[in-house]
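All values below come from the heavy atoms of this structure, side chains included, with hydrogens, waters and symmetry mates left out. Quick note on labels: first sequence line is chain A, next is B, and so on, each numbered from 1.
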There are 2 protein chains.
Amino acid sequence: MVVKTSTLQDVARVANVSTATVSRTLSNPDVVSESTRTRVAEAVKATGYRINRAARNLRTQRAHSVLVLLPDLANPFFSMILEGISRHLSQEGYSMLIASTKQVHDSGERLIDYLDDARADGMIILDGGLDPEVVDMLESAPQAKRILFACEWIDGTSFPSVRCENREGARMAVNHLYDLGHRKIAHVTGPEGNVLMHRRKDAFIDEITKLKLEHKPDWIIAGEFSLAAGCRAAQAWIALDDRPTAVFCASDQLAMAFIAELSRHAFKVPEDVSVMGFDDIGLAEQFIPPLTTIKQDRLMIGETAAKMLMARILPPKDKNLNHAAVLPVSLVVRKSTTAPH
Amino acid sequence: MVVKTSTLQDVARVANVSTATVSRTLSNPDVVSESTRTRVAEAVKATGYRINRAARNLRTQRAHSVLVLLPDLANPFFSMILEGISRHLSQEGYSMLIASTKQVHDSGERLIDYLDDARADGMIILDGGLDPEVVDMLESAPQAKRILFACEWIDGTSFPSVRCENREGARMAVNHLYDLGHRKIAHVTGPEGNVLMHRRKDAFIDEITKLKLEHKPDWIIAGEFSLAAGCRAAQAWIALDDRPTAVFCASDQLAMAFIAELSRHAFKVPEDVSVMGFDDIGLAEQFIPPLTTIKQDRLMIGETAAKMLMARILPPKDKNLNHAAVLPVSLVVRKSTTAPH
DNA sequence: TAGCACGATGTAATCGATTGCATAGTGAAG
DNA sequence: CTTCACTATGCAATCGATTACATCGTGCTA
């Protein structure tokens, strides 16, 4: 460290009080007298004092930061969620640490180290695909209470989570297509093993069944949340003898790639087939055709996650420890769906 | 803090040595004897010791983390760069803190506080649009050496930066279109005042001039790095009396929105007009038509930025302090450009 | 064998803020 | 005038790791 900033001691000297008083003035102004308060304030200004967080963190046994774990930093889906998390954290004087589960894994670190380390006070995990042994370790760790999942989660664990109404979203999608007149509806799923994939797929099947619609095994097309998977799904759809007139894709990216691949094979959307996505990412609106989709409010998911985590980290003022928050989704109708010809 | 982890003292007690020896064993194994090394290693394992970073940070006067500042967290362009930065940082045992300039500004914090605070040892700024007074403050701060720009930068300042060959990229774009046979080429710029916008625009004009191509003022269409701007630019192009046969857009997003809007007005790309982007974001390949663009290696930009910053933060072993790194770009030819009809 | 160098380890100060406890000072009640 | 309550402030320990300096022991050299 080249630069020497002034410390509490310097401020105390200038204000002619003890360091204890300065500290109290800064963190709990009510307990000191009016006169010292102003004196300290002046001294702070005069010295250009900035609190040293490392010192405070050591003394208070808090890192004043939260780790956010993404499956993959390069996935644009998460940016809005980060924005939401960050917004709330910075309001609370907390910083946001970012890492990807892949990278942590590759570097041989253990996730729990971030907590053991005093690097972070809690973590928000956006990856439901963690290795089971990692999950076991997290769950049995004494700090398990300071871990929370968002968007994705892991069934059978006790971690609280914030997520959107995935089932309801799938239902809305099917009903939208049904209302347009579609009776043969396919579903392109997310990656095998992914919780979101299962929720959405199960709800899709439930709704199809409830509406007594025709239903074939190969109308459930296995995909992942990637562009390439969308292309493969399109090829699968093209290869069908009896093609559904509408396709509900488990994500917008998937839907876009699906449509792109169709168009390369001279199929038109929505004329030849209606296609829906899920998420409502920024590009959905600009896509050709603009994508009909199920919107998740990612900003709110992020904010809610941060709020819930902070409630578990901070001293319990208002004991409002929800175990899970399930946020509403909404149908956004654009141009990629229409009545069957 | 609910959880009590073991400390150096605990390890020292178990290994029957002093804390100094344990510390040395951990950070500088060569200076201790073989036997103590194994004894300490066993004690560490037995106690489940994890270093307390807050304590180490306080003692060493280092935060062991770096702040990355984005103009806007919700912009997917940056995710790859973050991935690159994070990759290198974690290799060095550093953590990555994320914040957005907008948010920092709104919350009334000062950027330099992150450094003064001992919250971060350095920062990588991805926003060339900082307020001039903020820039002045950063530049005159004693810690200015620990600040670095990536992707964007600020002309007239002394901050080192990592960027791609913007000029060369624009030149490549123009020449690609020229080689296809285009003689009337337009440019949709980035946002006014943005350094990238200027570089690319200036290089565009230079190259047009060099090639002695026709050139009209309204063939430079003012845009921003947003989808909406791309739509507006398309409308501007449509409104031209004498329409250029090719358009070089300053970003992929811009190009995609441009194409989308054209298609809404029944213009086809590349049949009616060739369109190029800049960046090569993930979606460029999947777009319809797949986008011809100038590729920036964002992963490498991130890694290089992290490396350069670390070189300035860490003790100078190999004094290789480049002031700026300019990384190559490459032309990626896809389907959005073709010879004029 | 004395002297010295060097390797290995211990002692204790230190980083800077927080906070339990002690104390001084003030005013009111008895 | 004493005593009590209460407010404002100071003292000093503390969080846990690092590191300058001191010390001890061993082996080599003259």
Side-chain angles (χ1 to χ4, degrees), chain A residues 1-41 43-44 47-64 93 113 115-119 121 315, chain B residues 1-41 43-44 47-64 93 113 115-119 121 315:
Chain A
M1 180 74 87
V2 195
V3 186
K4 190 73 195 168
T5 60
S6 45
T7 71
L8 257 199
Q9 300 235 30
D10 300 325
V11 178
R13 202 175 310 117
V14 172
N16 205 33
V17 292
S18 71
T19 60
T21 300
V22 179
S23 175
R24 279 188 284 252
T25 309
L26 263 29
S27 58
N28 198 4
D30 297 336
V31 304
V32 303
S33 72
E34 174 70 35
S35 68
T36 36
R37 210 173 336 177
T38 58
R39 210 137 36 88
V40 168
V44 165
T47 54
Y49 171 75
R50 292 269 91 210
I51 193 174
N52 182 315
R53 300 217 174 204
R56 192 228 275 174
N57 290 349
L58 173 58
R59 178 60 227 231
T60 60
Q61 303 286 61
R62 292 254 210 70
H64 294 275
D113 286 353
L115 264 29
D116 276 343
D117 258 354
R119 243 184 306 181
D121 295 330
Chain B
M1 179 73 88
V2 195
V3 186
K4 189 74 195 165
T5 60
S6 45
T7 71
L8 257 199
Q9 300 235 31
D10 300 326
V11 178
R13 202 175 309 116
V14 172
N16 204 32
V17 292
S18 71
T19 60
T21 300
V22 178
S23 176
R24 278 188 286 252
T25 310
L26 263 29
S27 57
N28 198 4
D30 298 334
V31 304
V32 303
S33 72
E34 175 70 33
S35 68
T36 36
R37 210 173 334 173
T38 59
R39 208 137 39 87
V40 168
V44 165
T47 53
Y49 171 74
R50 291 270 91 208
I51 193 173
N52 181 315
R53 301 217 173 203
R56 191 227 273 173
N57 290 349
L58 173 59
R59 178 59 227 230
T60 60
Q61 303 286 62
R62 291 255 210 69
H64 293 274
D113 286 352
L115 264 29
D116 276 342
D117 258 355
R119 243 185 305 180
D121 294 330

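Closest of all the heavy-atom pairs between A/Arg39 and A/Ala15 is NH1-O, 2.7 Å. Nearest heavy atom pair, residue A/Leu58 against residue B/Leu58, reads CD2-CD2, 3.5 Å. Residues B/Leu8 and B/Tyr49 share a closest heavy-atom pair of N-CE1, 3.4 Å. The two residues A/Ala118 and A/Ala63 have their closest heavy-atom pair at O-CB, 3.4 Å.
The distance between atom CG of B/Asp117 and atom C1' of C/dG16, rounded to the nearest whole Å, is 13 Å. For B/Asn16 and C/dG10, the CG to C1' distance is 12 Å, given to the nearest whole Å. What separates CG of B/Leu8 from P of C/dT9 is a distance of 16 Å, to the nearest Å. Here the C1' atom of nucleotide C/dG16 and the CD1 atom of A/Ile51 are 9 Å apart, to the nearest Å. For the pair A/Arg56 CZ and D/dG16 P, the computed distance is 18 Å after rounding to whole Å. Between the C1' atom of C/dT9 and the CZ atom of B/Arg37 lies a distance of 14 Å, rounded to the nearest Å. Between B/Arg53 atom CZ and C/dC15 atom C1' there is a gap of 18 Å when expressed in whole angstrom units. Rounded to whole Å, atom P of D/dT18 lies 10 Å from atom CG of B/Asn52.
Residue B/Val17 is in sugar-phosphate contact alone, with no base atom involved, counting any heavy-atom pair closer than 4.0 Å across all strands shown. B/Leu26 comes within 4.0 angstrom of nothing in the nucleic acid, heavy atoms only.
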* **side chain to side chain contact (heavy atoms under 4.5 Å, CB included) evaluation trace for B/Val40 with B/Val17** => CA-CA 8 Å; B/Val40 168; B/Val17 292; 4.3 Å; yes

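For the 3.5 Å distance criterion, the side chains of A/Arg53 and A/His64 fail to qualify, holding no donor opposite an acceptor.
One finds a side-chain N or O of B/Ser23 lying less than 4.0 angstrom from the OP1 or OP2 phosphate oxygen of D/dT18. At C/dA17, one or more side-chain N or O atoms of A/Tyr49 fall inside 4.0 Å of OP1 or OP2 (strictly under the cut-off). B/Gln61 has no side-chain polar atom (N or O) that falls below the 4.0 Å cut-off from OP1 or OP2 of D/dT18.
At a non-hydrogen distance threshold of 4.0 Å, A/Val31, A/Val32, A/Ser33, A/Thr36 from residues 27-36 of chain A come into contact with DNA chain D.
Using a 4.5 Å heavy-atom threshold, the side chains of A/Ile51 and A/Leu26 count as separate. Inter-residue side-chain proximity for B/Asn52 and A/Gln61 is flagged as met; some heavy-atom pair is nearer than 4.5 Å.
Where A/Thr21 and B/Ala54 meet DNA chain D, the nucleotide closest to each residue was compared, and A/Thr21 sits on the side nearer the 5' end.
Using modelled atom types, one side-chain atom of A/Thr47 and one backbone atom of A/Ala43 make a donor-acceptor pair closer than 3.5 Å.
Of all nucleotides listed (D/dG10, D/dC15, C/dC15), C/dC15 comes nearest to the side chain of B/Leu58.
Applying the salt bridge (charged side-chain N to carboxylate O under 4.0 Å, His left out) test to B/Arg50 and every residue at least two apart in sequence or in another chain returns A/Asp113.
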Short heteroatom pairs, N/O only, protein and nucleotides 11-14 of chain D, under 3.5 Å:
from, atom 1, to, atom 2, distance (Å)
D/dT14, O2, A/Arg59, NH1, 2.6

